[in-house]
Number of protein chains: 2
Amino acid sequence: MSDYVTLLKESGLKATFQRLHILEVIDKYGHITIEAIYEEVRKVHPSLSVATIYKNIIIMVENSVLVEVPIVGNKSKYELAKRDHMHLICTECGEVEDRPCSAGTDEIFAFLTQQEHFKLTKQQINLYGICSHCQEAAAS
Amino acid sequence: MSDYVTLLKESGLKATFQRLHILEVIDKYGHITIEAIYEEVRKVHPSLSVATIYKNIIIMVENSVLVEVPIVGNKSKYELAKRDHMHLICTECGEVEDRPCSAGTDEIFAFLTQQEHFKLTKQQINLYGICSHCQEAAAS
DNA sequence: CTTCATGCAAATAATTTGCAGTAAG
DNA sequence: CTTACTGCAAATTATTTGCATGAAG
């Protein structure tokens with residue numbers, strides 16, 4: 001799994017134990033808050049400081065290793081950078097799941113971009129609702 | 001303009017001077033941060049406290065009078081609740097503009113919802129990029 | 001070696017809370 | 001009247017910063 005080393009170096013960042021550990025935790029959970037990363041990471045590496053997490057999240061977002069997913073009514077979560085996708089965000093349990101962008105949205109956006117003279121750099125499509133799991137739980 | 005009184009009452013909230021004032025500021029700016037609301041509002045009503053702004057934003061979001069628009073790398077902005085639309089968010093100047101959801105996206109989402117058994121309650125489509133104004137400014 | 005990253009503690013910023021006083025309906 | 005709202009100050013939480021030490025390349 002540790003080709004995070006390559007990823008970091010290609011981004012001009014040193015591959016420290018702390019960064020690799022943070023990346024592994026994010027990968028494991030898919031989408032995770034800073035606070036949760038901190039709690040998870042310090043199980044293995046108790047001396048790792050919050051300041052280090054903040055500094056690293058910021059620099060890894062700047063270098064497009066990570067992506068911030070801001071969430072209505074909650075703290076932002078972070079995910080590994082990957083090709084465009086949508087988020088299904090459950091407002092009950094807070095889980096975030098990725099889904100491919102439906103065919104067609106690309107064209108719509110491309111059109112909008114040209115018509116608007118808006119230089120698109122990033123899109124975030126976030127669908128909020130109740131996941132099937134929480135719906136089942138509510139039905140009992 | 002002050003049919004915010006009706007809006008608030010229908011939502012079960014008292015129509016205080018402070019709330020009306022906050023709503024007018026949000027309407028005037030379209031999309032605005034809590035901090036900016038505070039600065040704007042205290043020009044007219046210097047004794048209005050930040051705590052009041054926070055409490056009111058929270059309760060008006062809960063009652064669907066307002067909508068939070070979380071923004072990557074920045075504080076959330078708030079807007080009056082209105083029918084679904086997209087946001088064009090300029091990463092240079094921070095401006096947010098509304099655009100109608102392109103025809104077609106509704107169907108895509110409806111389909112996804114059924115297929116996923118995900119009970120959709122809200123969608124946020126945020127397109128980040130550089131607005132035409134900032135592109136021109138950069139070209140000089 | 002040299003540069004960049006870490007960890008700590010302190011500083012700052014953001015948000016929340018409790019409560020006594022006030023205004024809305 | 002009665003309930004909900006405001007404003008203040010204090011408490012809490014979140015984030016940032018500076019700097020001496022340590023690790024990566």
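Each chain gets a letter, A, B and so on, in the order its sequence line appears, and its residues count up from 1.
Listed by chain and residue number, A:Lys75 satisfy the salt bridge (Lys or Arg N to Asp or Glu O under 4.0 Å) test with A:Glu35 (two or more places apart in sequence, or in another chain). A search for side chain to side chain contact (heavy atoms under 4.5 Å, CB included) contacts involving B:Glu95 returns B:Cys93, not counting sequence neighbours. Take A:Asp98 and apply the salt bridge (Lys or Arg N to Asp or Glu O under 4.0 Å) test, not counting sequence neighbours, and it matches A:Lys82. The salt bridge (Lys or Arg N to Asp or Glu O under 4.0 Å) search around A:Glu97 returns A:Arg99, not counting sequence neighbours.
Residue A:Leu48 contributes atom CG, which lies 11 Å from atom C1' of C:dA5 at whole-angstrom precision. Rounded to an integer number of Å, the gap from CG of A:Asn74 to P of D:dA14 is 12 Å. C:dA14 atom C1' lies 14 Å from atom CD1 of B:Ile53, rounded to whole Å. A straight line from CD1 of B:Ile22 to C1' of D:dG7 spans 13 Å, rounded to a whole angstrom. When rounded to the nearest whole Å, the span between OH of A:Tyr54 and C1' of C:dA13 equals 12 Å. Rounded to whole angstrom, the span from the CD1 atom of A:Ile57 across to the C1' atom of C:dT6 amounts to 15 Å. As rounded to whole Å, 14 Å separates atom P of D:dC5 from atom CG of B:Leu23. B:Asn56 places its CG atom 12 Å from the C1' atom of D:dG7, with the value rounded to the nearest Å.
For residues 30-72 of chain A, the pairs satisfying ring-ring contact (aromatic ring centres under 6.0 Å, His included) are A:Phe17-A:His45, A:His31-A:His87, with sequence neighbours left out. Residue pairs meeting the salt bridge (Lys or Arg N to Asp or Glu O under 4.0 Å) criterion with at least one partner in residues 38-58 of chain B, sequence neighbours excluded, are B:Lys28-B:Glu40, B:Glu40-B:Lys43. Screening residues 118-139 of chain B for salt bridge (Lys or Arg N to Asp or Glu O under 4.0 Å) gives no qualifying pairs among residues at least two apart or on separate chains. Listed by first and then second residue, the side chain to side chain donor-acceptor pair (under 3.5 Å) pairs that reach into residues 8-17 of chain A come to none, sequence neighbours excluded.
OP1 or OP2 of D:dG7 has at least one side-chain nitrogen or oxygen of B:Thr52 nearer than 4.0 Å. Dashed line: the shortest gap from a side-chain N or O of B:Gln18 to OP1 or OP2 of D:dG7 is under 4.0 Å. Checking the phosphate oxygens (OP1, OP2) of D:dT6, no side-chain nitrogen or oxygen of B:His45 falls inside 4.0 Å.
With hydrogens and angles left out, the side-chain atoms of A:Gln124 and A:His85 include no donor and acceptor closer than 3.5 Å.
With the nearest nucleotide of DNA chain C identified for both A:Ile59 and A:Pro46, A:Ile59 has the one nearer the 5' end.
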Report task. Please step through side chain to side chain contact (heavy atoms under 4.5 Å, CB included) for the pair B:Lys77 and B:Val96, ending with a clear verdict. Result -> CA-CA 9 Å; B:Lys77 293 190 172 186; B:Val96 180; 4.0 Å; yes
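Here the straight-line distance linking atom CZ of A:Phe118 with atom CG of B:Leu127 works out to 6.5 Å at 0.5 Å rounding.
The bend of the helix from C:dC1-D:dG25 to C:dG25-D:dC1, defined by the angle between the axes of its first five and last five pairs, stands at 50° to the nearest 10°.
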What pairs of donor and acceptor atoms, side-chain ones from residues 58-73 of chain A against any protein atom, are under 3.5 angstrom apart with sequence neighbours left out?
unit_1	atom_1	unit_2	atom_2	d
A:Asn63	ND2	A:Ile59	O	2.7
A:Glu68	OE1	B:Gly73	N	2.8
A:Glu68	OE2	A:Ser76	OG	2.7

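Within residues 29-38 of chain A, no residue is approached by DNA chain C to less than 4.0 Å at the level of any non-hydrogen atom.
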Report summary line: Protein heavy-atom contacts under 4.0 Å, written 5' to 3' over nucleotides 18-25 of chain D as B (base), S (sugar-phosphate only) or - (none), form the string B-----BS
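Residue-level contact check: A:Ile58 touches the backbone only, with heavy atoms under 4.0 Å from sugar-phosphate atoms and none from bases.
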